[in-house]
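For reference, the structure discussed in these notes is given below.
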Amino acid sequence: MNKPSKPSQPASTSNFIKHVIESDLSAKKHIAIRTRFPPEPNGYLHLGHAKSILLNFGLAKEYGGSCNLRFDDTNPEKEEQEYVDSIIDSVKWLGADFGGKALYASDYFDKMYECAEYLVTSGNAYVDSQSADEMKKNRGDFTHPGVDSPFRSRSSAENLSLLKEMKDGKHPDGTHVLRAKIDMKSQNMNLRDPAIYRIKRATHHRTGDKWPIYPMYTYAHPIEDAIERITHSICTLEFEDQRPFYDWLLNKLADGKLLERPLPQQIEFARLNLTHVLLSKRLLIKLVEDKHVDGWDDPRMPTLAGARRRGYTAEGFRRFAERIGVSKANQMIDYSILEDCMREHLNEIAPRRMAVLDPIKLVIENYPEGQEELMDVPNHPQKPEWGKRQVPFSRELYIEREDFTDAPEKGYFRLFPGNKVRLRYAYVVECEGWHNGVVRCRYLPETRSGTPGADSVKVKGNIHWVSKKHAHQSEVRLYDRLFSAERPDRTEHLNPKSLNVIQAQLERNLAGTEAGAVQFERHGYFMADRGGFNRTVTLRDSWTRQ
RNA sequence: UGGGGCGUCGCCAAGCUGGUCUAAGGCACCGGAUUUUGAUUCCGGCAUUCCUAGGUUCGAAUCCUAGCGCCCCAGCCA
C-alpha cells in the first residue's frame, strides 16, 4: 500500500509584494504590516476575490501582521446588508482572520468630511457647479488637455459655505460636486481635478439618511487606509493610474495634520483570469435573474458561496493561490488548475465510498440466493488508521453501465463475456454474458478479499458495486462547467449540459446525515448537500481521455 | 492618439543592485515503478534560451537604444 501523501509544501515562492514588505520591514519603516481586503457590498464574492483575500490575509499571516476586512460602502445606491452578510460569511469560510470585526468606510464619513473642509480651506479643493456633461467635455481627452472649470477660482470662503450647504442638503442631486484642485492639463486623467464628493440623496444601509453627500472611492479609499494605519494597500492593476492621486491626497492631509505618517503605500497586482468562467457582475446578476442558475449559491456559480456548496474547500483555494502566484503580468489560468487543487486536497480528506451512478444489474449465478456477506472495506486505502466499514454483498448487485460491454474495444479490461474482474473488496467474478439487461457471471469463492486465496487469480479490472437489496437511492447532481466557451462573455455561451440530476444507488453507509466530502470510488469527489450529493470534481481519468 | 503598466517553456512563475543562469519551482505533458480506485504515490525526462533587433561589457534574462505585442485610463462607479 502506498504511503499517505505528504502534505504538499510548495516552497512559498517570492513575489514583488513580499520584496517591498521585506525591505520596508528591514528599513524599520513599519514595525508590523497591516493589509486589508476592501470589498464593496454590492454583490457576492467570487473566485477573483479569493485571490485577493488569500493574498492580503496570507501576507499578514506570513509576516506576523494583521489584515482588516473593510466594506467600501461609499455608494449607497448599489449596496445592501444582504451582501455584507454574505461577504462576511465567505471571508470567514475561506479561513481569513480579520479579528472577528468587520470595518466600514461609512464609519469614517465624519472624518472624511472634515478632511474635505480642510482641503477646501487650504485651497486644494473647490465646489464645481458645472453639469456632468460640461465636466466631461472640459476634462479633455487623451490628446487634448482639459480646461479649467469657470468655478475653479471660487474663494475658499465661498467653497466652504457651498460645501456646508451640500452637506446640509440644501442642493439637489447633481447640482454641485466637490473636486480636488490639481491640474486640468495633467497627462494622467485621474489628476484632472477628480470629483471627490457628490450630492446623492440615497438611503445608506448603515448611515440611513444622515448624509446627502457621499465621498467618491478615489477620495475615500486612501483615507480609509490611512485611518486604519494600513501599511500596504494592495489592489488590482487598473488602479495604477490612481496611485498619484492616492499619494497626493494623503500627503496634503498629513501636512495638514489630519492624518499620521507613515502613510500607506498602494501596490497593484494582476487580477485573476480563469478560463470558462465569467466574473462580470452584470452578467452574473443576469444568470440569477433569468434563472439560468438556481441562485447566487448555485454550485455552478463562480461565487464563493456556490463553490462551497459545490464542495470546493478553503484549503483547496489556498493551494490554488499558492500555485498561481502573484505578479503584475496579466494571467489567464486554466480552470482545470483550480479543479486540480481541489482534487489534491479532497484526496487527502475524503473518506471513500461506493456508489453506482448509472446502474445496471449484475447477477452472480452461483452465489446462493438469500445469502449475504459483510465485506470489510477500508475508508481510505492510504490511511489504514481511518479504519474499515462493512458493506453488504449479495447475489444481485448494481454495477456501473460503463463497466460492462459485450464488444470490448482494445485495451478495455473490465467486464465482458469471458473476462474476469474483481468486485472491489469482494470476489473475482467471471462474466458469462448479458441477458435481458442483466449481466450474468459466476464468482470464484476462494478469491474473497482479505483471505489467503484473494490473489490466487490475478485480474486487471477492479470495479465497484452496490448490493441491490441494500442500496440507498439518492439524488446526485453531476455538474459540468457552466460555460463551454473558454472566454465566455454572454449567456449564449452557457453550457446546456452543465447540470445533470440523476438517481444513483449508493452503499447504505451513505444514507443518513453523514456530511461533508466523500469520494465515490472511481468517480470523483462529492459533497453532501440538500438531501443529495453534488459532484465537486471528477477523478483524473487517463482511460476515457484517450 | 497622450499617459500608466506588462512581455522568461503549453499555463503560472522565481531570477532582474550583470558572472554561481548551457534559467528555480509548480501545473500540464512524456516515459517507467508500485497499486484490489484506468485514482493516488514514487522515480526519470521536459527552455544553449529569457518579445525582436542592435549596443555596452572579458561576461547580459539582468544595463542602454530602437522596435513589436498585450492590458489599463477620458463615471457626479468601485
Side-chain angles (χ1 to χ4, degrees), chain A residues 1-6 8 10-11 13-15 38-40 42 72 74-75 77-78 128 130-132 135-136 139-146 173-179 186-192 194-200 213-214 216-218 220-221 235-244 268 270 275 281 322-334 336-337 340-341 343-344 347-348 352 354 378 380-382 411-414 422-426 428 447 449-450 454-455 459-464 519-524 538-546:
Chain A
M1 210 40 57
N2 294 320
K3 286 271 190 295
S5 59
K6 51 179 177 286
S8 63
T13 50
S14 184
N15 65 49
E40 181 187 15
N42 68 343
D72 216 337
T74 58
N75 186 6
E77 289 173 325
K78 293 184 172 178
D128 195 349
Q130 297 181 102
S131 68
M135 265 184 66
K136 181 179 167 67
R139 185 156 27 231
D141 59 32
F142 295 152
T143 45
H144 303 282
D173 289 11
T175 50
H176 306 282
V177 53
L178 184 68
R179 290 231 254 174
S186 172
Q187 300 196 102
N188 181 344
M189 301 300 289
N190 298 291
L191 261 23
R192 317 246 264 226
I196 60 180
Y197 259 102
R198 76 282 218 186
I199 302 174
K200 183 173 293 214
I213 58 173
Y214 291 94
M216 300 286 290
Y217 160 87
T218 312
H221 205 87
C235 60
T236 43
L237 253 26
E238 68 269 28
F239 296 104
E240 275 178 318
D241 290 344
Q242 209 85 223
R243 194 172 61 231
E268 311 85 11
T275 63
K281 202 156 276 173
E322 193 62 51
R323 264 196 212 184
I324 64 176
V326 179
S327 74
K328 298 190 74 154
N330 287 311
Q331 45 180 210
M332 177 55 76
I333 308 291
D334 196 281
S336 64
I337 303 283
D340 196 61
C341 290
R343 210 179 263 132
E344 182 185 282
N347 176 236
E348 293 165 19
R352 268 98 255 230
M354 292 200 283
H380 188 126
Q382 281 83 39
Y412 185 87
F413 54 67
R414 281 112 88 174
R422 164 156 241 115
L423 292 174
R424 200 161 164 70
Y425 306 120
V428 170
T447 61
S449 290
D455 294 325
V459 293
K460 197 153 189 216
N462 202 303
I463 68 174
H464 61 277
Q519 182 196 91
F520 289 176
E521 292 199 66
R522 305 209 298 132
H523 280 302
T538 62
L539 252 26
R540 283 168 47 125
D541 178 3
S542 56
W543 167 247
T544 59
R545 248 178 30 198
Q546 290 176 8

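Proteins get letters first, then strands, A, B, ... in listed order; numbering begins at 1 in each. Please read all numbers here as calculations on a predicted model, not as lab measurements.
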(request) Quote, to the nearest angstrom, the P distance that separates B:U62 from B:U17. (result) 11 Å
(message) Is the base of B:U36 stacked against the aromatic ring of A:Tyr425, taking ring centres under 5.5 Å apart and planes under 30° as the test?
(response) no
(message) If I take atom CE in residue A:Met332 and atom P in nucleotide B:G7, what distance separates them, rounded to the nearest angstrom?
(response) 17 Å
(request) Return the value, rounded to whole Å, for the distance between atom CD of A:Glu344 and atom P of B:G26. (result) 12 Å
(request) Looking only at side-chain atoms of A:Ser542, point me to the closest of B:C27, B:A39, B:A13. (result) B:A39
(message) Can a side-chain donor-acceptor contact be found between A:Asp141 and A:Thr143 if the only test is distance below 3.5 angstrom?
(response) yes
(message) So, under a plain 3.5 Å distance rule, would you say the side chain of A:Asp241 forms a donor-acceptor pair with the base of B:G3?
(response) yes
(request) Describe the nucleic acid contact of A:Tyr197 in one word from base, sugar-phosphate, nothing, applying a heavy-atom distance below 4.0 Å. (result) nothing
(message) What I'd like to find out is whether the side chain of A:Lys281 reaches to under 4.5 Å of the side chain of A:Lys78, using heavy atoms alone.
(response) no
(request) May I ask you to test the A:Tyr197-A:His176 pair for a side-chain heavy-atom distance under 4.5 Å? (result) no
(message) From C-beta outward on A:Glu240, which listed nucleotide comes closest to its side chain: B:U40, B:U36, B:G5?
(response) B:G5
(request) Quick one: label A:Phe413 by what it contacts on the DNA or RNA (base, sugar-phosphate, nothing), any heavy atom closer than 4.0 Å. (result) base
(request) Tell me what A:Arg424 touches on the nucleic acid: a base, only sugar-phosphate, or nothing, going by heavy atoms under 4.0 Å. (result) base
(request) May I ask you to say what A:Arg179 touches in the nucleic acid, namely base, sugar-phosphate or nothing, with a heavy-atom cut-off under 4.0 Å? (result) nothing
(request) Provide, to the nearest angstrom, the distance between the CZ atom belonging to A:Arg414 and the C1' atom belonging to B:U36. (result) 15 Å
(message) Which is more 5' along RNA chain B, the nucleotide nearest A:Ala329 or the one nearest A:Met216? Just name the residue.
(response) A:Ala329
(message) When you measure from the side-chain N and O atoms of A:Ser131 to the phosphate of B:C76, is any distance below 4.0 Å, counting only OP1 and OP2?
(response) no
(message) Roughly how many Å apart are B:C21 and B:C29, using the C1' atom of each and rounding to a whole number?
(response) 24 Å
(message) For the C1' atoms, the ones on B:G15 and on B:A61, what distance do you get once it is rounded to whole angstrom?
(response) 8 Å
(message) Using the side-chain contact (heavy atoms from CB on, under 4.5 Å) definition, which of the options A:His380, A:Arg522, A:His464 pairs with A:Arg352?
(response) A:His380
(message) Heavy atoms from C-beta onward define the side chain here; which of B:A78, B:U1, B:U37 lies closest to that of A:Phe142?
(response) B:U1
(message) Can you check the distance between B:U1 and B:C76, where both ends of the measurement are the C1' atom (answer in whole Å)?
(response) 27 Å
(message) Measuring from atom CZ of A:Arg179 to atom CE of A:Met216, what distance do you get when rounded to the nearest 0.5 angstrom?
(response) 11.0 Å
(request) Could you check how far CG of A:Asp334 sits from C1' of B:C29, rounded to whole Å? (result) 13 Å
(request) Go through B:G5, B:A74, B:C76 for me and flag the one nearest to the A:Asp141 side chain. (result) B:A74
(message) Mind checking if A:Met135 touches a base, just sugar-phosphate, or nothing, with heavy atoms under 4.0 Å?
(response) base
(request) Name the nucleic acid region contacted by A:Lys200, choosing base, sugar-phosphate or nothing; use a 4.0 angstrom heavy-atom cut-off, strictly under. (result) sugar-phosphate
(request) Please work out if A:Asp173 contacts a base, only the sugar-phosphate, or nothing of the nucleic acid, heavy-atom cut-off 4.0 Å. (result) nothing
(request) Would you mind classifying the nucleic acid contact of A:Ala195 as base, sugar-phosphate or nothing, using non-hydrogen atoms under 4.0 angstrom? (result) sugar-phosphate
(request) Could you walk me through whether A:Arg540 and A:Asp340 pass the side-chain contact (heavy atoms from CB on, under 4.5 Å) test, one step at a time? (result) CA-CA 9 Å; A:Arg540 283 168 47 125; A:Asp340 196 61; 4.3 Å; yes
(request) Please figure out whether A:Ala454 or A:Asn42 has its closest RNA chain B nucleotide nearer the 5' end. (result) A:Ala454
(request) Any chance you could measure A:Arg198, atom CZ, to A:Thr175, atom OG1, to the nearest 0.5 Å? (result) 14.0 Å
(request) Searching all strands shown, indicate the nucleotide that pairs with B:A39 (Watson-Crick or G-U wobble; both distances under 3.5 Å). (result) none
(message) I'd like to know if A:Glu322 reaches the base of B:A13 with its side chain, counting only an N/O donor and acceptor under 3.5 Å.
(response) no
(message) Does A:Gln519 contact B:U37 through a side-chain donor or acceptor facing the base, at a distance under 3.5 Å?
(response) yes
(request) Could you please name the option among B:C73, B:U36, B:A78 that lies closest to any side-chain atom of A:Asn75? (result) B:A78
(message) Among A:Thr74, A:Asp173, A:Asn75, which residue satisfies the side-chain hydrogen bond (donor to acceptor under 3.5 Å, both in side chains) criterion with A:Lys200?
(response) A:Asn75
(request) For A:Glu268, answer base if it contacts any base atom (sugar-phosphate contacts may also be present), sugar-phosphate if it contacts only those atoms, and nothing otherwise; contact means non-hydrogen atoms under 4.0 Å. (result) nothing
(message) I'd like to know if the side chain of A:Ser336 pairs up with that of A:Asp334 as donor and acceptor (distance under 3.5 Å, no hydrogens or angles considered).
(response) yes
(request) Search all heavy atoms of A:Asp241 against all heavy atoms of A:Pro244 and return the closest pair with its distance. (result) O-CD, 3.4 Å
(message) So for A:Arg540 and B:U40, does any side-chain atom that can act as donor or acceptor lie under 3.5 Å from a complementary atom in the base?
(response) no
(message) Could you check B:G7 for me: syn (within 90° of 0) or anti?
(response) anti
(message) Categorize A:Asp340 for me: base, sugar-phosphate, or nothing, with a 4.0 angstrom heavy-atom threshold over every strand shown.
(response) sugar-phosphate
(message) Need one value for A:Ile324: base, sugar-phosphate or nothing, where a base atom within 4.0 Å counts as base even if backbone is also close, heavy atoms only.
(response) sugar-phosphate
(request) Could you tell me whether A:Tyr412 contacts a base, only the sugar-phosphate backbone, or nothing, with contacts defined as non-hydrogen atoms closer than 4.0 Å? (result) base
(message) Students often get this wrong, so: under 4.0 angstrom with heavy atoms, is A:Gln331 touching a base, only sugar-phosphate, or nothing?
(response) sugar-phosphate
(message) Using a distance-only criterion (donor-acceptor N/O pair, under 3.5 Å, no hydrogens), is the base of B:G4 paired with the side chain of A:Arg243?
(response) no
(request) Take atom CZ of A:Arg192 and atom P of B:G4, then tell me their distance rounded to the nearest Å. (result) 13 Å
(request) Taking atom P in both B:A14 and B:A33, compute the distance separating them and give it to the nearest angstrom. (result) 37 Å
(request) Would you mind classifying the nucleic acid contact of A:Asn462 as base, sugar-phosphate or nothing, using non-hydrogen atoms under 4.0 angstrom? (result) base
(request) Sticking with atom C1', work out how far B:G5 lies from B:C51, rounded to a whole angstrom. (result) 16 Å
(request) Determine the Euclidean distance between corresponding C1' atoms of B:A24 and B:U8; express it in Å to zero decimal places. (result) 12 Å
(request) Could you check which nucleotide pairs with B:C16 in any of the strands shown, counting Watson-Crick or G-U wobble with both distances under 3.5 Å? (result) none
(request) Identify whether a stacking contact exists between A:Tyr217 and B:A78, where the ring centres must be under 5.5 Å apart and the planes under 30° apart. (result) no
(message) Checking base pairs now: Watson-Crick or wobble, both atom distances under 3.5 Å. What partners B:U52?
(response) B:A66
(request) Measure the distance from NE2 on A:His464 to P on B:U37 and round it to the nearest whole Å. (result) 13 Å
(message) Measure CZ/A:Arg139 against C1'/B:G3 and give the value in whole Å, please.
(response) 15 Å
(message) For the P atoms, the ones on B:U37 and on B:U41, what distance do you get once it is rounded to whole angstrom?
(response) 14 Å
(request) Go through B:C77, B:C12, B:C73 for me and flag the one nearest to the A:Arg198 side chain. (result) B:C77
(message) Let's see if you can work this out: which of B:U37, B:A13, B:C6 has an atom nearest to the side-chain heavy atoms of A:Ser327?
(response) B:A13
